[in-house]
Amino acid sequence: MSERQPIDAEPVEYDCEDVSVLVVGAGAAGARAAIELAQRGVDDVLVLGKRGHGDAHTTWARGGINGALGTHDPEDSPAIHAADTLNEGHFVNDPAKVETVTEQMPERLRELDEWGMAYSRTEDGEIDQRFFGAQSFRRTAFAGDHTGESMLNALVDRAQELSVPYRENVMITKLVSDGDAVHGAVGFDMDTGEFVLFNAGTVVLAAGGHAAIYNRHTSRDDENNGDGAALAYDAGASLMDMEFIQFHPTGMAVDEDDPEWEPWSGRLVTEAVRGEGGRLFNAEGERFMERYSPDQMELDARDVVARAIAQEVAEGRGTENGGVYLDISHRDAEFIEERLPRMYERFDDLGVDMAEEPVEVAPTSHYGMGGVAVDDHGETDVDGLFAIGETMAGVHGANRLGGNSLAETVAYGVVAGERIADRADGPGTVPDDLRESLVEPHFRELRAMANNDGEHDVGAVLADLRELMWEHAGILRDEASLREGLDRLAAVRDRATDLDVGPVTSETFEFAVDLGFMTVAAEAVLRGALEREESRGAHFRTDYPDVDGDWRRNVHFDAADVGGMRLRTEPVDEPSEAVQAALDEGHELDYHQLE
Ligand SMILES: Cc1cc2nc3c(=O)[nH]c(=O)nc-3n(C[C@H](O)[C@H](O)[C@H](O)COP(=O)(O)OP(=O)(O)OC[C@H]3O[C@@H](n4cnc5c(N)ncnc54)[C@H](O)[C@@H]3O)c2cc1C
């Protein structure tokens, strides 16, 4: 057994690039921010991502994007959209941020249309809109079942038209910050292994979320690991609402030892299967939703169905793979093939005919409502550091309304872009003392991690982390288990100091960096869940099963100089008069309208 190489003091070589605005992340949020900057004449912007151009997690979004266009329901409005969002967020969303998104969305949807997004259309050629769970009107625009891909294509085309520079396959590992202001970021080129310092007066984190810190998740394994949250936290910004994780009720529950099935673990089984009549049964053949939600049954809200499944599994009525059965075999093959073509094909390829037998499903981590705390323009407490899209917190509260995260990406891309353009002040410079005290020591640490012949396999430690999050900060939470989770996290951190890592260009190196980000996000989720002694939205404490009015507050997480992560709470603001009026009108939230 060998230990990690000591960090040597030899000078470390790195490239330097000067830009005025560095956008970390090229999903919908990063692309839209860069477009806004270019349209407002800010040149010298660089967008980078750790994958190829156009290849971001955004492409996985299928169902749609919200905006009160009123194609079918002219009585819809941004204020009612905001009211629905606050309702679903159980009133811990930031009302001002919610309104920023809902006010902008009609225009944002139309502009995407102009830029070539391939929307599904009505017979009259209008942008079609459909119902989505918990929305009062049909306001979810979509492009077949590939909304995210179509949206990102349109944004990438527009960014290219404006000649926005983009750098592929660069991973940012640390921000250069003195705690008060950001001066740039550092990372490595994943193809060449070169270290790079970006001098930048403004940094926009659009690096996605943290839902993949759980072992059963709907994201790609190598994304949504909390990079944005951890980078901001390390730079001196606050995180917020990290305890709120949306678990989608129906991910694929598979035999993880079977190589054919394992890659499908947690992948979404669309809500539409239940919308088309799919029924849930436990391993004893009981249609258990009768006990949890006799009126809405399988079509109740995501958190209600997810909790019911988790309860069945916890009480020993689950399948061998830790799930329940979803059965639509009372419909014939023709119907299923026509209405659920992708699902039918996917299971058919795996040897399961949905028209003949049920499929196994279990809740799966889908979205982290929390993230980086920002002001109304997307700026953090650290001057010049912005966080937008899934990286930011505030819009979704305790539970996200389906279709609102794509909306947030473009809305906040514009808001942050406007703000930055108003005060664009040229390329930043990393002060010499920060180069010596922060940048170069960090590169030396990375160099020591590369080719480290340590005791622990990176993949195994990552798997342990994801498993502990599932077991201790999953759907049903309680104090004892959360505390145990924190102890297990400490053990994971300990093992992470002695990893077996390949060269800088290897996958193990990327995953070792991810592990560092994931432990920050995981700690915040565990601590936040322990702190919030009530149940609200997606956060359910079996030892505090009720909503507590005094907890209409947001939990913030700050890095303390001494003693690690510090938590504090802040009260939530009141909605505007227009939104309060929409709330008072009491529009019906209908969970049955899944299309
Ligand atoms: C299966 C699935 C279906 C969904 N369906 C919908 C839907 O129908 N409607 C909806 O509104 N939402 C949906 N969502 C959520 C939505 O897709 C995301 O919230 C949204 O796309 C996030 O966009 P983003 O631009 O913030 O981040 P992302 O698209 O995740 O982009 C992040 C970018 O950051 C880069 N990056 C990350 N870390 C680093 C780093 N350290 N260094 C450099 N670059 C980095 C990545 O390479 C990428 O370019 C769905 C999510 C999933 C998983």
Side-chain angles (χ1 to χ4, degrees), residues 28-29 61 63-70 73 75-109 129-142 209 240-241 244-246 248 271 301-304 366-371 373-374 376 378 388-390 392-415 536-539 547 552-554 572-591 593-594:
I65 172 169
N66 295 335
L69 276 182
D73 302 312
E75 60 274 51
D76 195 12
S77 70
I80 303 173
H81 182 184
D84 286 354
T85 304
L86 294 178
N87 255 317
E88 187 70 351
H90 296 256
F91 298 96
V92 286
N93 336 46
D94 175 350
K97 291 195 178 68
V98 171
E99 268 196 275
T100 294
V101 173
T102 61
E103 285 286 343
Q104 283 198 55
M105 280 321 292
E107 191 186 334
R108 299 282 78 81
L109 291 178
Q129 296 197 282
R130 60 181 165 198
F131 286 118
F132 237 40
Q135 311 220 30
S136 305
F137 295 106
R138 284 167 285 186
R139 74 165 69 94
T140 305
F142 57 103
M240 191 177 97
D241 288 346
F244 296 119
I245 301 286
Q246 183 171 76
H248 193 287
E271 228 146 33
R302 281 181 182 175
D303 56 319
V304 176
H366 186 47
Y367 191 89
M369 269 70 74
V374 291
D376 291 347
I388 57 172
E390 199 169 335
M392 67 179 275
V395 173
H396 309 295
N399 209 1
R400 176 181 68 100
L401 197 65
N404 262 3
S405 41
L406 288 181
E408 167 189 56
T409 60
V410 283
Y412 264 86
V414 169
V415 171
R536 186 183 289 268
H539 166 71
V547 179
R552 215 182 131 229
R553 304 177 74 83
N554 299 113
V572 181
D573 287 341
E574 294 305 322
S576 68
E577 276 179 26
V579 175
Q580 189 57 54
L583 284 163
D584 294 341
E585 283 161 19
H587 294 274
E588 187 79 355
L589 299 181
D590 191 340
Y591 292 106
Q593 293 164 327
L594 301 173

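Sequential numbering from 1 along the given sequence is applied to the chain's residues.
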Between [X] (side chain) and [Y] (backbone), is there a donor-acceptor pair under 3.5 Å?
X: Asp241; Y: Met369; answer: no
X: Arg536; Y: Ala398; answer: no
X: Gln135; Y: Gly402; answer: yes
X: Asp303; Y: Ala538; answer: no
X: Lys97; Y: Val374; answer: yes
X: Arg553; Y: Val92; answer: no
X: Arg130; Y: Gly63; answer: yes
X: Gln129; Y: Gly70; answer: yes

>> For a 4.5 angstrom cut-off between non-hydrogen side-chain atoms, does Asp84 reach Arg139?
In response: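 Yes, side chains in contact.
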How far does [atom1] of [X] sit from [atom2] of [Y], to the nearest 0.5 angstrom?
X: His366; Y: Ser405; atom1: NE2; atom2: OG; result: 7.0 Å
X: His587; Y: Asn87; atom1: NE2; atom2: CG; result: 10.5 Å
X: Asp94; Y: Glu99; atom1: CG; atom2: CD; result: 10.0 Å
X: Arg400; Y: Asn93; atom1: CZ; atom2: CG; result: 13.0 Å

> More than 12 foreign heavy atoms under 6.0 Å from CD of Glu75: is that the case here?
Replying inline: yes
>> Taking atom CD as the centre, does Glu585 end up with more than 12 heavy-atom neighbours from other residues, nucleotides or ligands that are less than 6.0 angstrom away?
In response: yes
Do you know which two heavy atoms are closest between [X] and [Y], and how far apart they sit?
X: Val572; Y: Pro95; result: CG1-CD, 4.2 Å
X: Thr409; Y: Leu406; result: OG1-O, 2.5 Å
X: Gln104; Y: Ala411; result: NE2-O, 3.2 Å
X: Ala79; Y: Ala578; result: CB-O, 4.0 Å
X: Ile388; Y: Ala29; result: CD1-O, 3.4 Å
X: Pro78; Y: Ala68; result: N-CB, 3.7 Å

> Is it true that Glu408 and Arg108 have a side-chain N and a carboxylate O under 4.0 angstrom from each other?
Replying inline: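 The answer is no: the pair does not qualify as a salt bridge.
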>> Here's a test for you: under side-chain contact (heavy atoms from CB on, under 4.5 Å), which of Asn404, Val579, Asn66 qualifies with Thr85?
In response: Asn404
>> Run Leu583 and Phe91 through side chain to side chain contact (heavy atoms under 4.5 Å, CB included) and show every step you take.
In response: CA-CA 11 Å; Leu583 284 163; Phe91 298 96; 3.8 Å; yes
> Pick one: which of His248, Gln246, His396 meets side-chain hydrogen bond (donor to acceptor under 3.5 Å, both in side chains) with Tyr367?
Replying inline: His396
>> Glu107 vs Val414, test: side chain to side chain contact (heavy atoms under 4.5 Å, CB included). Steps then yes/no.
In response: CA-CA 11 Å; Glu107 191 186 334; Val414 169; over 6 Å; no
